[in-house]
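Count residues from 1 along the sequence.
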Amino acid sequence: MIEELRITDLGVISEATIEPHPGLTVVTGETGAGKTMIVTGLGLLLGGRADPRAVRTGAERMRIEGRFQVADAALVDRVTAAGGELEASPSELCELLVARHLTASGRSRAYLGGAQVPASLCADITADLVTIHGQSEQVRLSDADRQRQLLDRFAGPAVLDPLARYGTLWSEGRSARAELAKLRAEAQSRAREADLLRFGLAEIERVAPQPGEDVALAAEAVRLQAADDLRLAAQSAVQALAGSDDEAGGALGSVHAARKAFEPAVRRDGEAAELGSRLAEASYQLTDLTADLVRYLDGLDDQPGRLEQIAERRSQLATLTRKYGTTCDEVLAWSAESASRLGQLESSDDRIGELAERLAEVDGELADLATQIGTARREAAGRFSELVLAELAALAMPHARLAFEVSTAQPGPYGTDQVDLLFSAHHGSEPRSLGKVASGGELSRVRLAVEVVLAAGREPGTLVFDEVDAGVGGKVAVEIGRRLATLARHTQVIVVTHLAQVAAFADRHYLVAKAEDGRVTTSGVRAVSDTERAAELARMMAGMETTESALAHAGELVQLALASRLQQP
């Protein structure tokens with residue numbers, strides 16, 4: 001329930017504060033005074049789309065603040081989880097503060113329990129606090145989807161529970177069908193790709209390349225092709241170090257002689273010891289180097305036929321590197337990737353079977369759920385129609401006929417039912433689709449009758465109606481006011497109206513008035529006291545300066561509303 005609503009710099013409203021009654025609150029005023037801004041402000045407060053053009057001309061920002069009484073523990077938990085805080089109230093309920101700020105440049109902020117939250121989260125959490133029925137609701141009432149939604153709301157869990165499961169399965173089935181169709185359409189291309197991959201993998205398997213093999217063979221081939229030159233170079237190096245076979249000498253001999261010649265100096269002079277050690281080290285290193293060169297030279301012995309073997313192997317590897325990569329390593333990488341891809345392609349046939357089997361299961365369960373939903377809708381349609389007709393009779397339409405016709409249609413996301421709200425205002429005409437036969441005033445009354453019936457089973461909250469009495473007047477307007485008052489016995493109701501017959505039934509009445517310069521000032525939205533009620537109602541009826549007859553008629557309306565309220569159980 002809304003305890004207080006504050007609006008600053010929204011549209012033509014500079015500043016306004018209203019404290020709605022727990023029962024029926026009406027907002028009246030001249031055309032263009034800004035009555036509908038109250039409804040717009042509530043919509044923005046609860047996370048509606050923000051338009052910077054709604055900010056009052058000349059103002060930097062618009063601010064809307066609301067204080068709600070809430071008792072829903074789940075809602076309290078969600079507010080707390082979002083970082084918000086609630087305050088305890090004397091009635092053992094919790095007070096929730098909600099705010100929305102919008103700058104003229106379009107920057108929007110939403111606050112829930114003092115914490116800044118995304119507007120979408122604010123809308124989601126507060127969705128059940130207030131239900132707003134704007135002027136477009138009458139047009140929507142003619143839409144088949146909207147009629148189905150209303151019927152489902154009335155049916156409650158009997159429809160909504162299986163419908164939730166149906167919607168989940170419908171989405172799953174739609175995705176599975178799309179995937180299955182794609183797999184079947186691409187079956188030929190997958191088969192061609194799989195054949196090419198198998199051929200390539202088999203070719204690589206026959207050659208069996210090893211990592212880095214092509215590089216190693218190329219180096220070995222270069223070495224074998226230059227074997228004579230390498231052997232000559234190694235022999236020359238060995239001779240330079242060790243001397244020829246038939247004579248001593250070479251670097252080894254020279255270093256050995258130098259070492260021997262320097263030994264007396266090492267024995268006599270301590271400073272020569274370090275030089276002697278270096279001569280000995282040089283001798284050892286030259287000896288090791290000579291041995292290594294000899295081993296290298298021995299390794300250069302001819303390997304008959306090895307070059308031909310290398311050439312043949314390199315030719316085999318070249319058939320792979322021309323197709324699958326420039327090196328053996330790249331060929332092996334392609335092989336690994338292709339083996340994985342082939343596994344995916346081969347599993348596609350298994351996937352087709354799995355999808356087909358799952359679709360059969362989904363379609364079977366959808367058919368069962370659709371039957372269950374359709375049965376529940378047809379059962380609810382009769383009860384809903386009877387209750388709405390009773391309300392229409394109370395709204396001065398005793399001869400109206402109305403029925404929710406549920407027929408079988410093609411399967412869709414909401415079942416296999418087509419819902420059509422048939423209506424006839426008089427005995428002489430056959431019921432037809434509501435949008436084709438109902439006038440504006442008749443649509444207003446059907447809309448109100450539906451909401452009165454639905455409100456009887458809903459959790460306490462707030463219903464907001466904008467011009468629910470459009471297109472009606474006189475006795476019908478009185479009955480609309482009476483039914484709104486009845487509705488307000490179950491839930492808080494706020495109504496923006498231009499009819500005195502409706503305003504007369506208010507528990508609290510607010511007036512939005514224009515200032516002399518055409519702007520709505522801070523005092524432009526005010527509560528109408530009991531002593532002012534008759535004068536305001538008279539002004540609404542007369543449309544000009546109040547007259548004695550208008551005042552008398554207004555007084556009769558107030559007494560009629562009071563008597564009606566006293567007669568209610």
For residues [X] and [Y], report the shortest heavy-atom separation together with the two atoms involved.
X      : Y      : value
Gly47  : Ala123 : CA-CB, 3.9 Å
Ala59  : Ala104 : O-CB, 3.9 Å
Cys122 : Leu112 : SG-CD1, 4.4 Å
Pro162 : Ala158 : CG-O, 3.3 Å
Ser385 : Ala403 : OG-CA, 3.4 Å
Gln501 : Ala477 : CB-CB, 3.6 Å

Worksheet item: Looking at residues at least two apart in the chain, or sitting in another chain, which of them share a side chain to side chain donor-acceptor pair (under 3.5 Å) with Thr57?
Response: none
Worksheet, complete the sentence: Those residues at least two apart in sequence (or on a different chain) that pass side chain to side chain donor-acceptor pair (under 3.5 Å) with Glu65 are none
Decide, yes or no, whether a salt bridge links [X] with [Y] under the criterion of side-chain N to carboxylate O below 4.0 Å.
X      : Y      : answer
Glu172 : Arg358 : yes
Glu354 : Arg351 : yes
Arg6   : Glu15  : no
Glu479 : Arg482 : yes

What pairs meet the salt bridge (Lys or Arg N to Asp or Glu O under 4.0 Å) rule with one or both residues in [range], with sequence neighbours excluded?
range            : result
residues 36-52   : Asp51-Arg53
residues 114-125 : Arg78-Asp124
residues 378-388 : Arg378-Asp417, Glu379-Arg383

Within the 4.5 Å heavy-atom criterion, are [X] and [Y] side-chain neighbours or not?
X      : Y      : result
Asp466 : Ile132 : no
Val27  : Thr497 : no
Phe465 : Ile494 : no
Thr131 : Val464 : no
Leu45  : Leu5   : yes
Val130 : Ile2   : yes
Cys94  : Phe68  : no
Leu355 : Leu183 : yes

Worksheet item: salt bridge (Lys or Arg N to Asp or Glu O under 4.0 Å) between Glu365 and Arg165: does it pass, once the steps are laid out?
Response: CA-CA 10 Å; Glu365 189 172 352; Arg165 173 62 178 166; 3.0 Å; yes
Practice prompt. Decide yes or no on side chain to side chain contact (heavy atoms under 4.5 Å, CB included) for Leu366 and Tyr166, but give the supporting numbers first.
Written response: CA-CA 6 Å; Leu366 284 174; Tyr166 183 97; 3.5 Å; yes
Measure the [atom1]-[atom2] distance between [X] and [Y] for me, rounded to the nearest 0.5 Å.
X      : Y      : atom1 : atom2 : value
Leu454 : His490 : CG    : NE2   : 12.0 Å
Arg109 : Gln116 : CZ    : CD    : 4.5 Å
Leu487 : Thr491 : CG    : OG1   : 7.0 Å
Leu434 : Arg447 : CG    : CZ    : 12.5 Å
Glu536 : Thr531 : CD    : OG1   : 12.5 Å
Ile13  : Ile38  : CD1   : CD1   : 4.0 Å

Worksheet item: Does anything in residues 397-414 pair up under side-chain hydrogen bond (donor to acceptor under 3.5 Å, both in side chains), and if so which pairs, sequence neighbours excluded?
Response: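 Passing the test, one end in residues 397-414: His399-His427.
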Check: [X] side chain, [Y] main-chain N or O, donor-acceptor pair, under 3.5 Å:
X      : Y      : result
Arg508 : Ile18  : no
Ser14  : Asp9   : no
Asp420 : Ser433 : no
Tyr510 : Glu19  : yes
Arg100 : Gly48  : yes
Gln492 : His21  : yes
Ser429 : Ala425 : no
Glu391 : Val388 : no

Worksheet, complete the sentence: ring-ring contact (aromatic ring centres under 6.0 Å, His included) filter on Phe423, not counting sequence neighbours, yields none
What residues, two or more places apart in sequence or in another chain, satisfy side chain to side chain contact (heavy atoms under 4.5 Å, CB included) together with [X]?
X      : answer
Arg67  : Glu3, Glu4, Glu95, Leu97
Ala82  : Val117, Leu121, Ile125
Ser171 : Arg174
Met62  : Leu10, Leu44, Val55, Ile64, Leu102

Fill in: CD/Glu85: more than 12 non-hydrogen atoms of other groups inside 6.0 Å
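No, not enclosed.
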Discussion item. Run the salt bridge (Lys or Arg N to Asp or Glu O under 4.0 Å) test against Asp152 and tell me which residues pass, sequence neighbours left out.
Written reply: Arg148, Arg377
Discussion item. Set out, in order, the CA-CA distance, both residues' side-chain angles and the distance that settles side chain to side chain contact (heavy atoms under 4.5 Å, CB included) for Val446 and Leu392, then state yes or no.
Written reply: CA-CA 7 Å; Val446 171; Leu392 288 176; 4.1 Å; yes
Practice prompt. Check step by step if side chain to side chain contact (heavy atoms under 4.5 Å, CB included) holds for Thr462 and Leu129.
Written response: CA-CA 6 Å; Thr462 301; Leu129 292 178; over 6 Å; no
Worksheet item: Is it true that the side chains of His509 and Thr28 contain a donor and an acceptor less than 3.5 Å apart?
Response: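 His509 vs Thr28: donor-acceptor pair found between side chains.
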Worksheet entry | Ser529 side chain to Glu532 side chain, donor-acceptor N/O pair below 3.5 angstrom |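 On atom types as modelled, these side chains qualify, holding a pair under 3.5 Å.
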Fill in: Trace of the side chain to side chain contact (heavy atoms under 4.5 Å, CB included) decision for Phe154 with Leu150
CA-CA 6 Å; Phe154 177 80; Leu150 293 172; over 6 Å; no
